[in-house]
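Each remark here refers to the structure printed beneath this line.
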Amino acid sequence: MMHDGHRKLSRRTVLQGMLLTAAATALPSLDALAQEQKPGTRPIPSTGERLPAVGLGSWITFNVGNDPVLLKECTAVMEHFFQEGGRMIDSSPMYGSSQATIGHGLSQLGAIDQVFSTDKIWTSDADDGQAQSEESRAEWGVPRFDLLQVHNLVAWEAHLKTLFEMKEAGEVRYVGITTSHGRRHDSFERIMRNEPLDFVQLTYNVVDREAEERLLPLARERGIGVIVNRPFQQGRLTERLASEPLPAWATEVGADSWAQFILKFIISHPAVTCAIPATTRVDHVRENMAAAGEPLPDDAMRQRMAAYVREL
C-alpha cells in the first residue's frame, strides 16, 4: 500500500505532466519558431528549386588576402549568413582574393553543404573557360558549382557553349550571364531571347530601374531567374539616404531601416529570385536577411516607395 506522501507526489507528477503536455501542444516548437524566422524563398524558374531571396555578394568586401583578422571577420559574416538561413554566395575571378576567402570560410564552418555556390567565367580567352572554372572551384573547395555565369558578357558565345556542355556533363547545375551598372542591355536582351539560360544577373534597385522596362519582364516570360547586384550602389545609396527620414509607413512592409526598405523593394518584384548585397558586418547581414521576410510591398506600395526616394 502506498504512503500518502507517495500518493500526493504521484498526483503532483501527473498534474505537472498534464500541464507540460498542454504547453507543448499550445506553443510551437523551437524548431518551428526557427523555421518561421528563416528568410522568404523564391523558386528558380527552370527547376522549381527554392532559394532564399537575399544572398551574399563578395565584390570588394571579401578581397582581404591573407590577413588573419579580416579573414576571421569574413568567416563571421558567412557564419551568421548561414545561421539566418542564407544560401547563395556570389563571387568571380575578377574579385581578387574573394574566392579564397569564401573557401576559407566554408572550410572553417564546415558549410559546403549549406552554400549555393555562384561564380563566373571572366576571361577573354575563349578556350580558357573550363580551366578557369576549375581554378575557381578549387579556391572555393566545393565539389562543383551550383551556378556559373559569363561575367559581363566577356567572350560570351564561347563561354556559354562551354558552360552548357559542363551542365550536360553534370559539372555545373545552372548557367547564366551577368551585367552591371546598366551596361549592354541590348546585347543582354538578345542573349536572353535566344539562349536557354537559367539565370541572369543585373543591377536593379529603387533608383536604378532601367531593368524594369525590358529585362525583368523578359525574364518572367522566358522563365529565367534574376539575381540582383549592386542593390545599395556599393553603399552609396544607403549612405545618401542615411540623413533622410525613413517614412513612417515603411513599417507597413516591415522595413526598419533604409537597407531593408531598398531590399524589400527589390525582392518584391515578381521577376527577382535573389538580391546579393555585400557586407563586412555581422549586424548588416542580420538586417539584410530579415528584409526577406513578410510583409513585402505590393505593386502600389512599390510605386510609393520609388516615388518617395525620387523626391528626396
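In what follows, residues are counted from 1 in the order of the sequence shown.
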For the atom pair [atom1] ([X]) and [atom2] ([Y]), what is the distance rounded to the nearest 0.5 Å?
| X | Y | atom1 | atom2 | result |
| --- | --- | --- | --- | --- |
| Glu210 | His181 | CD | NE2 | 13.0 Å |
| Glu165 | Leu160 | CD | CG | 11.0 Å |
| Asp128 | Ser133 | CG | OG | 9.0 Å |
| Ile276 | Asn288 | CD1 | CG | 12.0 Å |
| Asn63 | Leu70 | CG | CG | 10.0 Å |
| Ile224 | Arg193 | CD1 | CZ | 10.0 Å |

Quick one: does any side-chain atom of [X] pair with a main-chain N or O of [Y] as donor and acceptor, under 3.5 Å?
| X | Y | answer |
| --- | --- | --- |
| Asn205 | Arg230 | yes |
| Arg42 | Cys274 | no |
| Arg137 | Val142 | yes |
| Glu49 | Pro43 | no |
| Asp146 | Ser117 | yes |
| Arg50 | Thr41 | yes |
| Arg183 | Asn152 | no |
| Gln132 | Trp122 | yes |
| Glu171 | Lys167 | no |
| Thr101 | Phe62 | yes |

Check against side chain to side chain contact (heavy atoms under 4.5 Å, CB included), Leu197 and Ile177
CA-CA 8 Å; Leu197 301 170; Ile177 57 175; 3.8 Å; yes

Given side chain to side chain contact (heavy atoms under 4.5 Å, CB included), test Glu135 with Gln130 step by step and report yes or no.
CA-CA 9 Å; Glu135 292 171 5; Gln130 188 158 10; over 6 Å; no

Looking at [X] and [Y], what are the two nearest heavy atoms and their distance?
| X | Y | answer |
| --- | --- | --- |
| Ile262 | Pro231 | CG2-O, 3.4 Å |
| Thr279 | Arg281 | OG1-N, 3.1 Å |
| Ile112 | Gly141 | CD1-O, 3.2 Å |
| His159 | Asp125 | CE1-O, 3.2 Å |
| Arg144 | Gly170 | NH1-O, 3.0 Å |
| Ala211 | Thr203 | CB-O, 4.2 Å |

Please tabulate, for side-chain N and O atoms in residues 292-302, each donor-acceptor pair with protein atoms closer than 3.5 Å (sequence neighbours left out).
residue : atom : partner : partner atom : Å
Glu294  : OE1  : Leu296  : N            : 3.4
Asp298  : OD1  : Ala300  : N            : 3.3
Asp298  : OD1  : Met301  : N            : 2.8
Arg302  : NH1  : Phe265  : O            : 2.3
Arg302  : NH1  : Ser268  : OG           : 3.1
Arg302  : NH2  : Tyr204  : OH           : 2.8

Hey, mind stepping through Glu157 and Lys161 against salt bridge (charged side-chain N to carboxylate O under 4.0 Å, His left out) and telling me if it holds?
CA-CA 6 Å; Glu157 291 175 292; Lys161 181 175 183 295; over 6 Å; no

Return the set of residues passing ring pair (Phe, Tyr, Trp, His ring centres under 6.0 Å) with Phe188 (not counting sequence neighbours), or none when no residue passes.
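Ring pair (Phe, Tyr, Trp, His ring centres under 6.0 Å) check on Phe188 returns nothing, list empty.
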
For Trp59, give me all partners under ring pair (Phe, Tyr, Trp, His ring centres under 6.0 Å), at least two apart in sequence or on another chain.
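Expected list: Tyr95.
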
Between His80 and Arg286, is a side chain to side chain donor-acceptor pair (under 3.5 Å) present by the stated rule, with each step listed?
CA-CA 7 Å; His80 286 82; Arg286 291 173 172 157; 3.0 Å; yes

Among Ser97, Ser91, Ser92, which one satisfies side chain to side chain donor-acceptor pair (under 3.5 Å) with Ser58?
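Between Ser58 and the candidates, side chain to side chain donor-acceptor pair (under 3.5 Å) is satisfied uniquely by Ser91.
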
Candidates Asn229, Thr273, Thr179, Thr178 - the one meeting side chain to side chain donor-acceptor pair (under 3.5 Å) with Gln201:
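One option only clears the test, and that one is Asn229.
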
[X]-[Y] co-clustered via ILVMFWY side chain contacts under 4.5 Å:
| X | Y | answer |
| --- | --- | --- |
| Phe199 | Leu215 | no |
| Met78 | Val115 | yes |
| Leu237 | Val228 | yes |
| Met166 | Leu147 | no |
| Trp258 | Met289 | yes |

Quick check: do [X] and [Y] have side-chain heavy atoms less than 4.5 Å from each other?
| X | Y | value |
| --- | --- | --- |
| Arg190 | Asp186 | yes |
| Arg173 | Phe116 | yes |
| Ser187 | Trp156 | no |

Could you check whether atom CG of Asp283 has more than 12 heavy atoms from other residues, nucleotides or ligands sitting under 6.0 Å from it?
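Enclosed.
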
According to the interplanar angle, ranging from 0 to 90°, do the rings of Tyr308 and Phe261 count as parallel (below 30°), tilted (30 to 60°) or perpendicular (above 60°)?
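Correct class here is tilted.
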
Can you pull out every ring-ring contact (aromatic ring centres under 6.0 Å, His included) where at least one residue sits in residues 206-235? Sequence neighbours excluded, please.
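Residue pairs with at least one partner in residues 206-235: there are none.
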
What residue pairs, at least two apart or across chains, pass ring-ring contact (aromatic ring centres under 6.0 Å, His included) with a residue in residues 274-302?
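ring-ring contact (aromatic ring centres under 6.0 Å, His included) check on residues 274-302 returns no pairs.
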
Would you mind writing out the side-chain donor-acceptor pairs for residues 238-255 within the sub-3.5 Å range, not counting sequence neighbours?
residue : atom : partner : partner atom : Å
Thr238  : OG1  : Gly235  : O            : 3.1
Thr251  : OG1  : Ala248  : O            : 3.0

Decide whether Gln149 and Thr118 meet the rule of one side-chain donor and one side-chain acceptor closer than 3.5 Å.
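No.
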
I would like to know whether Phe81 and Leu109 meet side chain to side chain contact (heavy atoms under 4.5 Å, CB included); could you show each step before the answer?
CA-CA 11 Å; Phe81 172 72; Leu109 299 171; over 6 Å; no

Could you check Val200 against Met192 for side chain to side chain contact (heavy atoms under 4.5 Å, CB included), going step by step and ending with a plain yes or no?
CA-CA 8 Å; Val200 292; Met192 288 175 67; 3.7 Å; yes

